[in-house]
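To start, the structure under review is shown below, and the notes come after it.
Fair warning: this is a prediction, and the values are worked out from it, not measured in the lab. Atoms considered below: every heavy atom in the structure, side chains included; atoms not considered: hydrogens, waters and symmetry mates.
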Amino acid sequence: KKALALLRHQPNALREADFNADLGDAYTALQEYDSAERYYQRVYNYAIAEQDNFYLCSAANGLGIVAFKRGNYSTAKSY
């Protein structure tokens with residue numbers, strides 16, 4: 001909660017993308033795939049808007065893992 005409050009108080013798109021990627025990883029580890037997908041999608045949206053290839057790869061990888069874990073293999077492969 002403190003980290004979210006800091007992001008709201010001092011907005012920084014790059015820090016937010018990093019934080020969302022970490023949350024996506026944490027929720028994936030907890031097998032909370034809906035939440036993981038939501039956070040990875042935020043990273044993906046940031047990466048597209050900022051043309052940031054590092055976070056684009058990170059988000060695509062996360063989204064692919066979530067799709068794979070759900071058994072959506074063709075969707076996973078598309079990432």
Q: Flag the pair Tyr33 / Tyr27 as yes when their ring centroid distance falls below 6.0 Å, and as no otherwise.
A: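 Centroid distance Tyr33-Tyr27: not below 6.0 Å, so no.
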So do [Y] and [X] actually touch side chain to side chain, heavy atoms under 4.5 Å?
X	Y	value
Tyr44	Leu56	yes
Asp34	Arg70	yes
Val43	Tyr39	no

Q: State whether Arg42 and Glu16 are salt-bridged, where the test is any N-O pair (Lys NZ or Arg NE/NH1/NH2 against Asp/Glu carboxylate O) under 4.0 Å.
A: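 No, this pair does not count.
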(Q) As an exercise, state the distance from OG1 of Thr28 to CG of Leu63, rounded to the nearest 0.5 Å. (A)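 Atom-to-atom, Thr28:OG1 and Leu63:CG are 9.0 Å apart.
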Q | Tyr73 side-chain N/O to Ala67 backbone N/O, donor-acceptor pair under 3.5 Å | A |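 The answer is no, because no donor-acceptor pair under 3.5 Å joins these two groups.
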Q) Regarding Asp18 and Tyr55, is there a side-chain donor-to-acceptor distance under 3.5 Å anywhere? A)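 Side-chain D/A pair, Asp18 to Tyr55: present.
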(Q) Ignoring hydrogens and geometry beyond distance, is a side-chain donor-acceptor pair present between Tyr46 and Asn20 at under 3.5 Å? (A)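 No pair is found: no donor N or O on one side chain lies under 3.5 Å from an acceptor on the other.
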Q | Where Ala76 and Gly64 come nearest, the two heavy atoms and their spacing | A |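 Scanning both residues completely, I find the closest heavy atoms to be CB-O, 3.3 Å.
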Q) Are Arg38 and Val66 close enough, and set up right, to give a side chain to side chain contact (heavy atoms under 4.5 Å, CB included), and what steps lead you there? A) CA-CA 10 Å; Arg38 181 173 57 248; Val66 167; over 6 Å; no
**Q.** Residues Asp25, Tyr40; criterion side chain to side chain contact (heavy atoms under 4.5 Å, CB included); working and verdict
**A.** CA-CA 8 Å; Asp25 293 344; Tyr40 288 136; 2.6 Å; yes
